[in-house]
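This report concerns only the one structure given below.
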Amino acid sequence: MLNLNWKIFIVLLFILGVLFCMRDSKNFSGRDSENDSLDYFFEQANIDTLPYAKRLLFTEKALAIVQEQPNDSMNRVNYFKVANRYWNMKKWVEFRRVCDSTIKNAYRDNDEFSIAKGMGYIGDYNAQNNIIDSAYYYYNKSGQLYQRLKTQRQYAEMLIQKSRLQYLQKDYSGGENTLYKVLRMLKMLEDYNGDSIEAYDILGSIYSDLNEYDKAIEIYNRAIQKFKIGNFPSFFKSKAQIYNNIGIVYEHKREYKKAVFFYNLGLNEKDIRGDNIFLYSTLKNNLAYSNFKLNKLKSTDDFYEALQISDSVLDYSTMVYCRLNLSEFSLFYKKNKEANFFAKIALQKAKEFQSKELILASLKQLIITDPKNASKYSQEYYTLTDSLALAERRNRNKFARIEYETEELTQEKNQLIAQKQNYTLIAIIVFLIIITTSLLGFIIFKRRQIKLKQQKQKAAAEIYRLQLDQQQKIEDGKQIEKNKIAKELHDGVMGKLTSIRLNLFVLNKKTDIETIDKCLVHIDEIQAIEKEIRTIAYALHNDVSGNLNTEIL
């Protein structure tokens, strides 16, 4: 029994140890470590099913980490990721602040690609907040930078954004020119069918507004053909959007059967309601209206479904047009009060959204549904039409001015860059001239020094040679003097001494007075010889002293 208890105890210890190790393993490699990971925060912030507050918290945590990173290209990539999370959560102020910080850092690092991308993001911000001229300005600046960097894809995207603004401001000619420029660019690129579809979509809308319906349908069909070439994420639902636009064109042509066909094609796209609730409600409203025109609308359920969805997601365009369609439907069945009610609510919603186009559509319907106040609505309608036309014309002029001013600024910038380059080149040339001149001067100075040294050496050698010659001359002079003295001594003094010696030799034989007297004469001669020797010695002494002095000098 005791052994069994011990075994159970050992097994329990083993299980606890395994559990402890599993916990540690999770701490090191599992979710706890991911909590401090930037990628983890980005991933969590992008999960739409999470509560809004949690997604916002994860985004702020990611931003806190990014702000501590060094200012490099990867840091700016992370800043853009943070901006995208704020955009998805409609945190416009935070989105703009992050974009401004990113552009500021990009300027510090001279990162033109990030500057261009940041300006494109700010263009999106202004477009979202209906600041059209500023949006156009930033798209234009971004596009110019991309063009200079030769990044054709990004340049094309900015042109598409500009064309969208031109379309919204009814600058149809400008938008058309921009889009054909984009399509020519995209034709040269590979696998950019998504951008082509977007360009065709806007171009088709331009032709639709210009009542060139056949041309619009042709352009939309080109977009449909692009879907057969490339694979696109289903959640974009861009194909359903094209079907909706084609349906609208047929609706304008009063070919309601074809309109119904294309609206149904859009609604039959997979997961259209879950992936793009805005487009789904628009298709439902448009389908109900075309069926109404065909006298095939059995109930107003589709209208009310679209109305309920648009009210819940604040899709002002659909909520206004849905009420206008219900107003027209009620008026058709002689329900005038109901028709007037829907038209008034439509006008109220249009004014809340501050959309002049929606306001005009609502006023136009109210003129019909409220005859008593028709003059008032008519006056407001025409006043607004005039102001809208003026505003559109001003905006078109603004676009042209922005283009001109941006080009002018670019030219000035290029001129400044060219001037800076010229000044730099001139400074380099002057510096090189100074360096070259200094180097040449140094070389000439060194050569002069070397030449002077050589001249000194040559002069010293010449002096030394002259000294040797002088010394040789002195030696030769000495030798001549020696020979001369030797000759004088030999021929003169020695001859006389020999003669005296021979004459005095007689004393060895004779010692008489007569002989002695004769010999005394020779003693006088010896004195004369002594004087002569002194004279020669004196002359020799003077010559040696003179030569020594000459040598010293």
Side-chain angles (χ1 to χ4, degrees), residues 76 79-80 82-107 111-149 151 154-179 181-182 198-199 202 205-206 314 316-317 352-359 387-413:
R76 289 185 285 278
Y79 262 118
F80 284 125
V82 172
N84 287 330
R85 271 53 174 189
Y86 278 131
W87 177 273
N88 293 338
M89 290 182 288
K90 303 186 187 322
K91 299 290 287 184
W92 310 124
V93 175
E94 291 78 2
F95 173 83
R96 177 62 190 263
R97 186 173 64 245
V98 170
C99 289
D100 287 338
S101 297
T102 310
I103 292 174
K104 187 177 180 181
N105 290 340
Y107 269 114
D111 180 2
E112 288 193 330
F113 184 85
S114 293
I115 294 170
K117 188 173 181 179
M119 286 186 170
Y121 274 36
I122 293 179
D124 293 338
Y125 166 84
N126 286 313
Q128 177 65 35
N129 290 277
N130 207 33
I131 312 171
I132 302 300
D133 53 345
S134 292
Y136 191 87
Y137 171 80
Y138 280 103
Y139 284 144
N140 194 53
K141 286 287 289 181
S142 176
Q144 285 194 334
L145 283 173
Y146 282 134
Q147 185 182 21
R148 193 167 76 197
L149 294 169
T151 51
Q154 288 78 8
Y155 178 42
E157 288 176 352
M158 290 302 104
L159 288 177
I160 289 171
Q161 296 303 327
K162 283 171 60 177
S163 70
R164 191 185 304 281
L165 296 178
Q166 288 170 318
Y167 164 68
L168 291 173
Q169 296 302 313
K170 294 183 170 45
D171 182 10
Y172 298 129
S173 176
E176 184 182 18
N177 291 334
T178 302
L179 288 166
K181 181 179 180 180
V182 170
E198 194 173 0
I202 302 170
S205 298
I206 288 174
L314 296 180
Y316 280 94
S317 180
E352 285 178 10
F353 187 51
Q354 296 182 351
S355 169
K356 292 182 179 180
E357 287 188 355
L358 295 178
I359 293 171
S387 68
L388 185 59
L390 180 61
E392 288 169 355
R393 188 163 60 250
R394 283 176 177 172
N395 278 330
R396 287 197 294 272
N397 292 337
K398 273 186 180 179
F399 290 166
R401 188 170 68 250
I402 288 169
E403 291 273 3
Y404 174 76
E405 289 176 352
T406 306
E407 288 177 5
E408 206 173 43
L409 287 172
T410 302
Q411 288 178 357
E412 288 179 3
K413 185 178 179 181

Gap separating the [atom1] atom of [X] from the [atom2] atom of [Y], nearest 0.5 angstrom:
X: Ile202; Y: Leu168; atom1: CD1; atom2: CG; answer: 8.5 Å
X: Arg85; Y: Phe80; atom1: CZ; atom2: CZ; answer: 13.5 Å
X: Leu165; Y: Ile160; atom1: CG; atom2: CD1; answer: 12.5 Å
X: Lys181; Y: Ser163; atom1: NZ; atom2: OG; answer: 12.0 Å
X: Gln166; Y: Leu179; atom1: CD; atom2: CG; answer: 7.5 Å
X: Asn130; Y: Ile132; atom1: CG; atom2: CD1; answer: 4.5 Å

Tell me, do [X] and [Y] make a side-chain contact under 4.5 Å, heavy atoms counted?
X: Tyr139; Y: Asp124; result: yes
X: Phe113; Y: Gln154; result: yes
X: Met158; Y: Gln147; result: no
X: Arg96; Y: Asn126; result: yes

List for me each residue that meets side chain to side chain donor-acceptor pair (under 3.5 Å) alongside [X], sequence neighbours excluded, and say none if there are none.
X: Asn84; answer: Tyr121
X: Asn177; answer: none
X: Tyr167; answer: Asp209

>> Before you tell me yes or no, could you show the steps for Phe95 and Gln128 under side chain to side chain contact (heavy atoms under 4.5 Å, CB included), namely the whole-Å CA-CA distance, both residues' side-chain angles and the distance that decides it to 0.1 Å?
In response: CA-CA 12 Å; Phe95 173 83; Gln128 177 65 35; over 6 Å; no
For [X] against [Y], the heavy-atom pair lying closest together:
X: Cys99; Y: Ile122; result: CB-CG1, 4.0 Å
X: Arg76; Y: Ser114; result: NE-OG, 3.6 Å
X: Leu358; Y: Phe353; result: CD1-CD2, 3.8 Å
X: Met119; Y: Ile103; result: N-CD1, 3.7 Å

Would you say [X]'s side chain and [Y]'s backbone share a donor-acceptor pair under 3.5 angstrom?
X: Thr102; Y: Val98; answer: yes
X: Tyr137; Y: Gly123; answer: no
X: Tyr155; Y: Val182; answer: no

>> Evaluate Trp92 against Trp87 for side chain to side chain contact (heavy atoms under 4.5 Å, CB included), listing each step before the verdict.
In response: CA-CA 6 Å; Trp92 310 124; Trp87 177 273; 3.4 Å; yes
>> Would Lys170 and Tyr172 count as a side chain to side chain contact (heavy atoms under 4.5 Å, CB included) here? Give the steps.
In response: CA-CA 5 Å; Lys170 294 183 170 45; Tyr172 298 129; 3.3 Å; yes
> Where do Glu198 and Glu157 land on the side chain to side chain contact (heavy atoms under 4.5 Å, CB included) test, with the steps shown first?
Replying inline: CA-CA 9 Å; Glu198 194 173 0; Glu157 288 176 352; over 6 Å; no
> If you measure from the Lys or Arg side-chain nitrogens to the Asp or Glu carboxylate oxygens, is any gap between Asp100 and Lys104 under 4.0 Å?
Replying inline: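 Answer for the salt bridge query: no.
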